[in-house]
2 protein chains.
Amino acid sequence: MYPEEEFPPASATDHAPSAMPSVVTPSPMVAEAPAPETSAVKSVARIMSVAYELFSRRGVRDVGVNELIERSGVAKATFYRHFPSKDSLVLAFLEQRDKQWTVDAIVSEARRRGETPTEQLLAIFDVFGDWFLREDFEACSFINVLLEMGPAHPLGQASIDYLARIRGHVQALAEEAGLRRPEEFARSWHILMKGSIISATEGDMHAAKRAQQMAGWLIEHHRN
Amino acid sequence: MYPEEEFPPASATDHAPSAMPSVVTPSPMVAEAPAPETSAVKSVARIMSVAYELFSRRGVRDVGVNELIERSGVAKATFYRHFPSKDSLVLAFLEQRDKQWTVDAIVSEARRRGETPTEQLLAIFDVFGDWFLREDFEACSFINVLLEMGPAHPLGQASIDYLARIRGHVQALAEEAGLRRPEEFARSWHILMKGSIISATEGDMHAAKRAQQMAGWLIEHHRN
DNA sequence: ACAGGGGGAAAGACCGGTCTGTCTTCCCCC
DNA sequence: GGGGGAAGACAGACCGGTCTTTCCCCCTGT
């Protein structure tokens with residue numbers, strides 16, 4: 001099962017499309033059971049929780065609004081009061097995914113596992129290795145949405161933006177490690193990340209190890 | 001524009017799901033204009049031609065049967081006489097894509113460009129570089145379908161099979177080059193291919209060059 | 001050689017289901 | 001009593017798939 005813990009209420013990120021409904025969450029707490037609790041913000045949290053679960057597992061096109069509202073025990077009117085359209089919910093989901101998956105699950109975890117910036121970079125593929133082994137492994141939502149909707153669609157564009165953010169994290173680590181041409185480094189590194197994710201989707205359980213090996217050579221090549 | 005030249009009528013490949021309708025094409029020739037020509041096989045060829053165009057550009061889920069039959073100037077009953085379902089047409093499309101794109105456009109072209117097996121391997125990314133520059137670049141249909149339908153769906157499974165075939169071509173070249181552990185080599189190589197395709201979809205025009213550089217290190221590492 | 005018949009194909013109505021999105025009704029709770 | 005939420009009907013479009021009607025081409029029988 002995936003975290004499904006509390007998630008901070010948007011907090012208006014500087015960059016990236018922010019389609020989160022303008023709702024001020026005073027105390028972030030989520031009811032995962034369909035118990036008919038009171039209060040207003042609960043609805044948004046429940047919808048977001050269900051959307052995260054379904055969208056990340058099955059993609060955004062396969063999950064309809066009717067299923068979303070049914071699974072979150074919310075009325076359709078309530079859904080459309082908080083989200084003007086399904087696409088805006090998808091946008092909010094992508095933002096959530098960036099916080100919960102990219103930052104918390106991958107980058108922070110990799111930084112925690114390694115001591116030096118170089119170790120932290122390589123630890124990304126250790127985290128990937130664990131992630132690939134999960135039985136509920138569901139690939140990268142940004143790649144999924146990008147390929148599902150195409151790079152011209154707003155949702156595809158948003159996915160490209162969030163993928164660029166991932167590259168930004170890698171570039172930051174590369175700069176901390178004092179590597180040469182960190183932007184180029186991050187682009188090459190990102191090829192390894194995305195390629196290993198696709199290979200893992202095909203069923204290659206050792207894709208992370210293979211990518212990590214090539215990542216090591218890439219680091220060597222960018223040492224000054 | 002894509003080839004859209006004549007394509008040999010199925011010829012019943014040994015491996016892979018063959019959902020091509022059981023039709024014996026005497027002389028393969030395709031009429032691309034919606035001129036009301038005679039004969040029966042024309043219908044299948046027209047449907048396949050339109051399906052190749054639309055599926056490869058927009059994915060299989062975004063293209064409906066109604067649009068397919070309208071664009072190919074064929075009656076709905078005719079479509080369903082030759083293809084029992086939309087999925088079977090998608091299967092036929094994937095088989096066509098393997099012949100036309102994987103084999104003819106990528107592998108054969110790479111073998112033509114390089115002299116030694118090693119050069120031919122690296123030439124794959126030269127071909128990719130040209131491919132990424134096309135304004136109608138539409139990513140890899142096998143990856144698209146795999147992510148669109150999921151690895152459990154029959155179409156996803158078929159895509160995995162065709163991706164394995166691509167890896168087989170790489171492995172064959174690795175064996176010709178006398179590299180160590182060619183199967184492992186091909187899996188790592190494939191990570192670079194797939195990762196660069198995603199990066200190109202994001203807009204990185206130099207993704208092929210980056211992948212080629214890492215591919216060179218991979219070859220070095222597998223030299224005996 | 002010509003009439004007749006059979007079958008494939010075109011056109012499109014139709015079916016049940018799903019999609020996103022709107023609107024109404026009722027009810028509960030502050 | 002008023003507002004928000006639950007429930008759900010509804011609209012309009014589209015989905016994959018079936019079936020009917022009409023037509024025309026070609027094959028066959030005499």
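Lettering of chains follows the sequences in order, A, B, ..., and the numbering in each one begins at 1.
- With dA7(D), dA10(C), dG8(C) as the choices, the nucleotide that has an atom nearest any side-chain atom of R81(B) turns out to be dG8(C).
- Spacing between atom CG of L54(A) and atom P of dC19(C) amounts to 12 Å, rounded to whole angstrom units.
- Scanning for ring-ring contact (aromatic ring centres under 6.0 Å, His included) contacts around F132(A) gives F128(A), F137(A), with sequence neighbours left out.
- From L155(B), atom CG reaches atom NZ of K86(B) across 9.0 Å, with rounding to the nearest 0.5 Å.
- For R167(A), the salt bridge (charged side-chain N to carboxylate O under 4.0 Å, His left out) test picks out E202(B), with sequence neighbours left out.
- Direction change of the helix axis from one end of the helix from dA1(C)-dT30(D) to dC30(C)-dG1(D) to the other is 10°, with five pairs defining each end axis (rounded to 10°).
- Across the protein-nucleic acid pair, I47(A) atom CD1 and dG21(C) atom P stand 14 Å apart, rounded to whole Å.
- Computed from coordinates, the R58(A) CZ to dT18(C) P distance equals 13 Å when rounded to whole Å.
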Pull out every protein N or O sitting under 3.5 Å from an N or O of nucleotides 11-17 of chain D, one pair per line with the distance.
| unit_1 | atom_1 | unit_2 | atom_2 | d |
| --- | --- | --- | --- | --- |
| dG16(D) | OP1 | K86(B) | NZ | 2.9 |
| dG16(D) | OP2 | V65(B) | N | 2.7 |
| dG17(D) | OP2 | Y80(B) | OH | 3.2 |
| dG17(D) | OP2 | K86(B) | N | 2.8 |
| dG17(D) | N7 | K76(B) | NZ | 2.9 |
| dG17(D) | O6 | K76(B) | NZ | 2.3 |

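- Spacing between atom NE2 of H82(A) and atom C1' of dG3(D) amounts to 13 Å, rounded to whole angstrom units.
- Smallest separation of non-hydrogen atoms from I160(B) and P151(B): CD1-CB, 4.0 Å.
- Between the CG atom of L89(A) and the C1' atom of dG21(C) there is a distance of 14 Å, given to the nearest Å.
- Judged purely by distance below 3.5 Å, without hydrogens or angles, the side chains of K209(A) and Q212(A) pair a donor atom with an acceptor atom.
- Looking at S196(A), its side chain does come within 3.5 Å of a backbone N or O of M193(A) through a donor-acceptor pair.
- When the ring-ring contact (aromatic ring centres under 6.0 Å, His included) test is applied to F93(B), the partners found at least two apart in sequence or on another chain are Y52(B), F55(B).
- Remark: F185(A) pairs with W189(A), H222(A) by the ring-ring contact (aromatic ring centres under 6.0 Å, His included) rule, at least two apart or across chains.
- F83(A) places its CZ atom 16 Å from the C1' atom of dT20(C), with the value rounded to the nearest Å.
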